[in-house]
Undergrad: 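Here it is, the structure in full.
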Amino acid sequence: MVHFVGAGPGATDLITVRGQNLLKEADVIIYAGSLVNKEHLNLAKEGCGIYNSASMTLEEVIDVIKKAEQEGKMTVRLHTGDPSIYGAIREQMDLLNELHIAYDVVPGVSSFCGAAAALKAEYTLPDVSQTVIITRMAGRTPVPEKEEISLLAAHQATMAIFLSTGLLKPLRERLLIGGYREDTPAAIVYKATWPEEQVFYGTVGTLPEIAEKNNITKTALILVGDFLGDAYERSKLYDPSFAHEFREASK
Ligand code: SAH
């Protein structure tokens, strides 16, 4: 059996209880070494085979799993954040399907949630934005044309931009073409929830300069939108004059 486990954004106590239990039981752990906090590996039992997938191909990962299966061993495939976001798990699951190897997925706290906590922000403010767009700039991995940043920016929704810290000048250009203002609030969250976490506030216009000044080149999220501003409407849910299924309106 193979368990794809989300390790969470960094802090070792932000993995789920289920994920942590599986780590303790695993005979083999294959972890995404570029971003997963290595302290998670301290939970591995004695004799557990540990592999860093950063230096492996998909085929090599599958070979390790295949061998473990033949030996009746349990494998944890440990991904950063939540495995469903830029986790490249689909291709692994498809190969496991072909090999008739059983697997399941244990969700994790994605870094965009870790970043919201670092910012003490709410992404979905009434009257500001009720939508979070998770996206990235095209890099070596292409992005479908219809999802080009300026087209997404046209919605003026909250945006959480992954994998783009090295592309802040073109990112700024695309955001401005899409209709964000130079002074639309923006933030860079570096290593959210890690001990070395850093939060930088600025605007769409200042994003590249903030990163440059603070030497932020990777492991950061870019958050953009007026959710970082001061104006919003109170929620209806907790409004005294608003009745709903669980609460009557007060007079
Ligand atoms: N599955 C992961 C994302 C993997 S893609 C998740 O759910 O978070 C890797 C990108 O995620 C990085 O380039 C960076 O943009 C972002 N990232 C991952 N961990 C981060 C963290 N702790 N703080 C800020 N950004 C992070």
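Computed over heavy atoms, backbone and side chain alike; hydrogens, waters and symmetry mates excluded. Order of appearance sets the numbers: ligands from 1, and atoms from 1 within every ligand.
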Undergrad: May I ask you to list the residues sharing a hydrophobic cluster with Trp194, side-chain cutoff 4.5 Å, ordered by chain and number?
TA: none
Undergrad: Output a table of donor-acceptor pairs, distance under 3.5 Å, between side-chain atoms of residues 182-192 and any protein atom two or more places apart or on a different chain; print 'none' if there are none.
TA:
| from | atom 1 | to | atom 2 | distance (Å) |
| --- | --- | --- | --- | --- |
| Asp183 | OD1 | Arg181 | NE | 2.8 |
| Thr184 | OG1 | Arg181 | N | 2.9 |
| Thr184 | OG1 | Arg181 | O | 3.2 |
| Lys191 | NZ | Glu196 | OE2 | 3.1 |

Undergrad: Please determine whether a side-chain nitrogen of the Lys or Arg among Lys67 and Glu71 lies less than 4.0 Å from a carboxylate oxygen of the Asp or Glu.
TA: yes
Undergrad: Between Arg90 and Asp94, does any NZ, NE, NH1 or NH2 come within less than 4.0 Å of an OD or OE carboxylate oxygen?
TA: yes
Undergrad: Just to be sure I understand the cut-off, which residues have at least one non-hydrogen atom under 4.0 angstrom from an atom of ligand 1?
TA: Pro9, Leu35, Thr80, Gly81, Asp82, Ile85, Tyr86, Ser110, Ser111, Phe162, Leu163, Val189, Lys191, Ala192, Trp194, Thr219, Ala220, Leu221
Undergrad: With distance as the sole test, does Asp82 use its side chain to make a donor-acceptor pair with the main-chain N or O of Gly6 at under 3.5 Å?
TA: no
Undergrad: Could you list all the salt bridge (Lys or Arg N to Asp or Glu O under 4.0 Å) pairs where at least one residue sits in residues 28-42, not counting sequence neighbours?
TA: none
